[in-house]
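Reviewing the structure listed below.
Naming: A, B, ... by sequence-line order, numbering from 1 per chain. This one's a predicted model, so the numbers in the text were calculated from it and none came from an experiment. These values consider heavy atoms only, across backbone and side chains, with no hydrogens, waters or symmetry-generated copies.
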Number of protein chains: 2
Amino acid sequence: MQNLQNEEKKYYLELYPIQHLFSFDIMSLVEVHHFERGEWIIKEGNFPQYLYFLIEGKAKVYMTQENGKVALISFAQPNAFIGELELLDEEYYSKGVQTMTTTICLALPILKCKEELLSDVVFLRYLCTFLGNKTSLMTAQFSKSLAYPLENRLAEFIVLSAHNNIYKEKHTEVCDYLGVSYRHLLYVLAQFCEQGLLEKRGRSYTITNMSELKKRAITTSV
Amino acid sequence: MQNLQNEEKKYYLELYPIQHLFSFDIMSLVEVHHFERGEWIIKEGNFPQYLYFLIEGKAKVYMTQENGKVALISFAQPNAFIGELELLDEEYYSKGVQTMTTTICLALPILKCKEELLSDVVFLRYLCTFLGNKTSLMTAQFSKSLAYPLENRLAEFIVLSAHNNIYKEKHTEVCDYLGVSYRHLLYVLAQFCEQGLLEKRGRSYTITNMSELKKRAITTSV
DNA sequence: ACCTAAATATGAGATATCTCACATTATTTT
DNA sequence: AAAATAATGTGAGATATCTCATATTTAGGT
């Protein structure tokens with residue numbers, strides 16, 4: 001991690017102004033943190049020193065289960081808070097957050113800001129909205145995971161994550177995310193190929209029948 | 001639903017004071033709603049008129065999937081908000097909320113209060129904490145549902161919901177909640193009996209080996 | 001360029017879980 | 001009390017998914 005200074009810091013603060021999320025002056029406190037791909041923004045179980053606001057890049061949120069399985073819970077994208085649950089609850093067990101690309105976060109030192117943040121209407125209102133969406137997404141994801149077999153959940157995932165009809169995610173990541181074994185993921189992908197929905201080209205898959213793929217996907221309005 | 005008045009209303013307002021959750025005067029606006037067992041506090045897909053705060057009773061939160069399966073998402077217990085996501089997001093698709101017992105809710109008319117609520121530091125701070133816990137629980141539940149077979153999830157559920165070593169939940173409800181078929185739920189219960197963890201007595205089950213049952217349960221610290 | 005760890009691939013056999021059909025109680029409603 | 005509805009129980013066969021073993025390929029580090 002790099003704590004950016006001077007010119008670089010100024011650059012990001014001007015490109016992504018966040019003063020409007022707060023009613024007190026944040027500029028004297030905010031830091032800009034730069035993470036390389038693969039770095040951990042928060043290590044699982046470690047209480048973070050900062051409340052982060054992700055502005056560039058993408059990160060994975062992980063949790064290790066007692067049985068050793070690693071669950072990939074969600075992806076943090078621009079405009080997501082990281083560490084907000086820890087800000088609200090000192091007892092919270094932190095999930096691991098690992099960057100997937102170079103990532104830039106605005107960082108507010110919790111020690112210095114906590115009281116002010118938790119008394120700030122503007123910030124709290126924004127945080128409520130963020131948490132509401134998070135809950136809502138989580139709930140949808142949860143109920144889907146129970147109600148549908150992989151065939152449907154994978155179809156949805158492919159539709160959502162493909163670019164230009166090309167699906168190219170890492171299998172290892174996807175099976176953690178969808179909570180199935182690597183083996184089974186490949187079975188279902190192979191099945192999609194057999195059925196003419198996808199076509200395998202080297203390491204990636206081309207969508208050859210989008211409409212049918214969408215039919216299999218879950219379309220619950222959320 | 002009954003909108004309680006006078007003595008009855010006064011009774012509940014004095015028994016469960018909530019003025020401390022707000023920094024403006026709530027007493028002139030708050031209503032006390034009484035629901036019979038089985039009534040819907042919110043019908044799925046219908047935007048509610050009130051923000052509710054459950055003070056007595058218990059309710060189930062449901063969502064119907066496109067494939068017709070009904071997912072029992074969570075249980076609302078005393079001190080839970082109901083309708084808070086709708087307060088934050090007008091586009092939110094409401095989950096169904098049905099009471100399991102006679103239930104008393106404090107009810108704030110959204111139309112009249114929304115602006116004031118969303119500008120109230122005390123309320124927002126409380127709501128953030130509530131939403132944070134909700135997210136956190138949902139996340140835990142989600143990742144467990146992916147990482148563990150029914151054997152473990154059911155063991156946990158039994159340990160949590162048994163009273164005096166007696167487990168007595170409705171199978172139909174439990175299988176919606178755990179996202180498995182009725183058939184399979186009974187298989188695993190029968191298995192627990194065979195293995196001496198439970199003993200079936202009429203319609204209920206007595207826990208005969210709590211320590212072993214706890215071993216099967218998921219103990220992830222949350 | 002070489003080594004190593006991670007990611008991809010595939011087969012075979014075992015389990016977990018589902019669907020459907022059907023019978024038997026409870027619980028509500030009329 | 002009869003009828004209707006919801007909840008319980010069980011069998012049999014089909015799928016979905018997992019575990020493990022093992023081989024190959026790719027990407028990162030020195």
Side-chain angles (χ1 to χ4, degrees), chain A residues 36-39 60 62 65 67-72 98-102 144-157 167-195 198-205 216 218, chain B residues 36-39 60 62 65 67-72 98-101 144-155 157 167-195 198-205 216 218:
Chain A
E36 295 297 336
R37 171 170 189 279
E39 271 191 282
K60 292 179 284 190
Y62 279 119
Q65 307 281 357
N67 67 359
K69 273 197 192 178
V70 172
L72 172 51
Q98 185 184 33
T99 62
M100 302 169 69
T101 63
T102 298
K144 282 176 195 172
S145 76
L146 291 181
Y148 294 89
L150 183 62
E151 178 178 20
N152 304 113
R153 292 183 290 132
L154 179 58
E156 168 164 286
F157 184 76
Y167 168 78
K168 201 180 184 173
E169 301 295 320
K170 268 193 202 149
H171 298 332
T172 43
E173 233 156 57
V174 176
C175 61
D176 280 347
Y177 185 62
L178 298 177
V180 295
S181 66
Y182 186 90
R183 190 65 193 86
H184 191 54
L185 174 63
L186 288 216
Y187 270 136
V188 177
L189 280 171
Q191 205 174 293
F192 282 176
C193 290
E194 251 177 54
Q195 298 166 347
L198 299 179
E199 199 169 282
K200 189 171 175 183
R201 297 205 180 142
R203 303 247 133 169
S204 67
Y205 293 79
R216 314 253 176 131
I218 310 157
Chain B
E36 295 298 334
R37 171 169 188 277
E39 271 192 281
K60 292 178 284 190
Y62 279 119
Q65 307 280 358
N67 67 358
K69 273 198 193 177
V70 172
L72 171 51
Q98 185 184 32
T99 61
M100 302 169 69
T101 63
K144 283 175 194 172
S145 76
L146 292 181
Y148 293 88
L150 183 62
E151 177 178 20
N152 304 114
R153 291 184 290 132
L154 179 59
F157 184 77
Y167 168 78
K168 200 182 185 170
E169 301 295 321
K170 268 195 200 142
H171 299 333
T172 43
E173 233 157 57
V174 176
C175 63
D176 280 347
Y177 185 62
L178 297 178
V180 295
S181 66
Y182 187 90
R183 190 67 193 84
H184 191 53
L185 174 62
L186 288 217
Y187 268 137
V188 177
L189 279 171
Q191 206 175 291
F192 282 177
C193 290
E194 249 178 55
Q195 297 165 348
L198 299 179
E199 199 170 284
K200 190 171 172 180
R201 297 204 182 142
R203 304 244 134 170
S204 68
Y205 294 79
R216 313 257 175 126
I218 309 156

request  = Using whole Å, report how far CG of A/Asn152 lies from P of D/dT15.
outcome  = 16 Å
key: Whole-Å gap separating C1' (C/dA23) and CZ (B/Arg183)   = 13 Å
task = Please report the closest heavy-atom contact between A/Leu72 and A/Lys60, naming both atoms and the distance.
result = CD1-CB, 3.6 Å
ask   = To the nearest Å, how far apart are A/Glu194 CD and C/dT10 P?
value = 12 Å
inquiry  = Does C/dA9 have OP1 or OP2 under 4.0 Å away from a side-chain N or O of A/Lys200?
reply    = yes
inquiry  = Using a strict heavy-atom distance below 4.0 Å, which residues from residues 173-182 of chain B are in contact with DNA chain D?
reply    = B/Tyr182
message = In this structure, how many angstroms lie between the P atom of D/dA16 and the CD atom of A/Gln191, rounded?
response = 7 Å
remark   = Side-chain contact check for B/Leu186: nearest option of D/dG28, D/dG9, C/dA9 is D/dG9
Short side-chain N/O contact to D/dA6 OP1/OP2 from B/Lys170, under 4.0 Å = no
key: Exam field: side chain B/Asn152 to backbone B/Arg216, donor-acceptor pair closer than 3.5 Å   = yes
ask   = Touch check for B/His184, heavy atoms < 4.0 angstrom, all strands: base, sugar-phosphate only, or nothing?
value = base
inquiry  = Quick check with a 6.0 Å cut-off and a 45 degree axis cone: is B/Arg153 positioned over the face of B/Phe157's six-membered ring?
reply    = no
task = Output yes when a side-chain donor or acceptor of B/Asn67 lies under 3.5 Å from a complementary backbone atom of A/Tyr148, and no otherwise.
result = no
request  = Check every strand shown and say whether B/Gly38 touches a base, only sugar-phosphate, or nothing at a heavy-atom separation below 4.0 Å.
outcome  = nothing
message = Could you tell me how far apart B/Met100 (CE) and D/dA7 (P) are, to the nearest whole angstrom?
response = 12 Å
message = Tell me if a side-chain donor or acceptor on A/Tyr205 pairs with a main-chain N or O of A/Cys193 at a distance below 3.5 Å.
response = no
ask   = If you find the nucleotide of DNA chain D closest to B/Glu169 and the one closest to B/Tyr187, which residue's nucleotide is nearer the 5' end?
value = B/Glu169
request  = Take atom CG of B/Leu72 and atom P of D/dA7, then tell me their distance rounded to the nearest Å.
outcome  = 13 Å
key: Euclidean distance, atom CG of residue A/Leu185 to atom C1' of C/dA7 [Å, nearest integer]   = 12 Å
A/Lys69, nearest nucleotide to its side chain (from D/dT19, C/dT25, D/dT17) = D/dT19
request  = For B/Leu189 and C/dT17, give me the distance from atom CG to atom P, rounded to whole Å.
outcome  = 13 Å
query = Is there a side-chain polar atom (N or O) of B/Thr172 under 4.0 Å from OP1 or OP2 of D/dT8?
reply = yes
query = A/Arg37 side chain to A/Met100 main-chain N or O, any donor-acceptor pair under 3.5 Å?
reply = yes
query = Looking only at heavy atoms, what is the nearest atom pair of A/Ser145 and B/Ser145, with distance?
reply = OG-OG, 3.5 Å
